[in-house]
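In what follows, a structure is listed as structure tokens, so that the remarks can point back to it.
Worth saying up front: this structure is predicted, and the values here are computed from it rather than measured. Numbered from 1 within each chain, the chains take letters A, B, ... in sequence-line order.
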Number of protein chains: 2
Amino acid sequence: MGAISQSDIMSTVMSTPDASGADSVSSGATAASRVFDALKQDLICGRFAAGEKLAIGSLKTHYRVGLSPLREALNRLAAYGLLEQVNQRGFRVPALRLDELDDIADLRSQLECKALTQAFQYGDAEWESQLLAAHHRLRRADERPEHVEEWEQAHLRFHRTLLAPCGSPWLLRFIEQLHDQFDRYRRLAPPDPGVREVLDRQHGELVQLAMARRISQARALLDEHIGLSHGVARGACSAP
Amino acid sequence: MGAISQSDIMSTVMSTPDASGADSVSSGATAASRVFDALKQDLICGRFAAGEKLAIGSLKTHYRVGLSPLREALNRLAAYGLLEQVNQRGFRVPALRLDELDDIADLRSQLECKALTQAFQYGDAEWESQLLAAHHRLRRADERPEHVEEWEQAHLRFHRTLLAPCGSPWLLRFIEQLHDQFDRYRRLAPPDPGVREVLDRQHGELVQLAMARRISQARALLDEHIGLSHGVARGACSAP
DNA sequence: TATAATAAAAAAATCGATTTTATGGCAATG
DNA sequence: CATTGCCATAAAATCGATTTTTTTATTATA
């Protein structure tokens, strides 16, 4: 398929120990956390072929770590749902299945709408500022189509900021997880410039609706936003 | 607190490799999977004190495994949310916080009600049989108050069976995760025989409503069921 | 006495080697 | 010709020892 096979991994330069927007634990930077972050990125942006079995030996070479931290990272990723683990036969990149994507998108809509409602309730002036800022960064990133990674990061942060004050850590946790899953599909799908334009516009509209606390309109829009993106992401799947 | 400190772990006899109701991966039985299951159990049933730091050295002794599989299990548990991991300072049992329990219970209600609706839609005759069977096992377990573990297992399986045919793997995954979190609170809280009796009765009523596909009544009941249990579980928390 | 610097101890993380288990090829058998 | 059993190879999992980092204890200094 469109994906790149194992031997071709052009090896992501691993994030520096003290990277700013560091994922979860990676600040203190153990080898395990660094590989976790790097591998997670590479999985989401489709640097491995769907369904591919991971050769631990090559991973060791590519990510420049020993077996123990590498295996710890793989175990975390499997528990997180970005890898499949079968007991005496290692780790495998999950296949891209249409029914699974539909499941993910449906839940995402549901959970994000709930979070949005609560965010509108608890969000204060500080939140509004941060949302404006996040949106501005996103628009700036829009102008540099050559730096995909930066746009992706800005996009992720925008959606995070939008829901951040919802007051429910577990809800945010699940949303993040679903978002990661969703993005793996989306980023492997062929882009659609027309839809992309609409999606970009919706970000701005979401900001406006958030400022005005127009909850029901905002929910409808967020739902449509995810639905549109869902349509694009479907392009990543083959048949079933 | 009510919890038992590390040195007192009376050591769960680890589940045999080919245990029937085996958790996730444990069937093939690697050392890592076995410790994972055993540790998970011990965490949920409150064999560690909340907030306690885990001494990897003692764990190695208690669970009779080497460092590598033990660390892999700990990494999985942290990714799952049953442990907190800080980069150069090991693993810690999460504290029991009232606001977190409320968060968990609220989400649980929401997600389980959604799953229930879908289960009513997709569940077939086979499901009805399994639900009756699961309920029967639960009632039998009710009669043996001395075997707590068996009741707990039957109870978990009942709730799993109830929602199983909902058709959404990710929804089930999150529900399972929340259930595990919830149970850690519930099992550490002082029991309330009065409430317990009501909860037991509700299981039967849920079965009846499921057979008749009375969705709105069933949703209300499930919501109340979780709410009641939530009230009991709150007893596990101290102040905030 | 409080603070800071330092050394010793403990714990976490990592490495390299070993053991165990799966996999693929090939011959023997029905 | 398909199936089974065996061996060689490769991969996964585990162990034991080493390295790195944190924590604790101790002393020196203001």
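At whole-Å resolution of the value, CG in A:Asn75 and P in C:dT14 are 14 Å apart. Rounded to whole Å, the distance from CZ on A:Phe91 to P on D:dA11 is 16 Å. Rounded to an integer number of Å, the gap from CD1 of A:Ile56 to C1' of C:dC15 is 16 Å. One atom, CG of A:Leu70, and another, C1' of C:dT14, lie 12 Å apart when rounded to the nearest Å. As a whole-Å value, the separation of B:Arg34 CZ from D:dT14 C1' is 11 Å. As rounded to whole Å, 15 Å separates atom P of C:dA11 from atom CG of B:Leu74. Protein atom CZ of A:Arg64 is 17 Å distant from nucleotide atom P of C:dT14, rounded to whole Å. Atom-to-atom, CZ of B:Arg71 to C1' of C:dA11 comes out at 10 Å; the value is rounded to the nearest Å.
Sorted by first and then second residue, the salt bridge (Lys or Arg N to Asp or Glu O under 4.0 Å) pairs involving residues 122-135 of chain A (not counting sequence neighbours) are A:Glu128-A:Arg213.
Here B:Arg89 reaches the OP1 or OP2 of D:dT23: one of its side-chain N or O atoms lies under 4.0 Å away. Side-chain nitrogen and oxygen atoms of A:Lys60 include none within less than 4.0 Å of the OP1 or OP2 phosphate oxygen of D:dA12.
With sequence neighbours left out, the side chain to side chain donor-acceptor pair (under 3.5 Å) criterion links B:Trp127 to no other residue.
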Query raised in the report: Which letters describe nucleotides 16-21 of chain C, given B = protein heavy atom under 4.0 Å from base, S = only from sugar-phosphate, - = neither?
Result: -B---S

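Between the A:Arg137 side chain and the A:Ala154 main chain, no donor and acceptor come within less than 3.5 Å of each other. Not a single donor-acceptor pair under 3.5 Å links the side chain of A:Arg34 to the backbone N or O of A:Ala29. In this structure, the side chain of B:Asn75 engages the main chain of B:Arg71 through a donor-acceptor pair within 3.5 Å.
Taking every side-chain heavy atom of B:Ala32 into account, D:dT14 is the closest of D:dA12, C:dT14, D:dT14. You'll find that the side chain of A:Glu72 is closest to C:dT14, out of D:dA11, C:dT14, C:dA12.
Under the 6.0 Å distance and 45° angle rule, A:Lys53 does not count as a cation-pi partner of A:Phe91.
A salt bridge links A:Glu152 and A:Arg186; the closest N-O separation between the charged side-chain nitrogens and carboxylate oxygens is under 4.0 Å.
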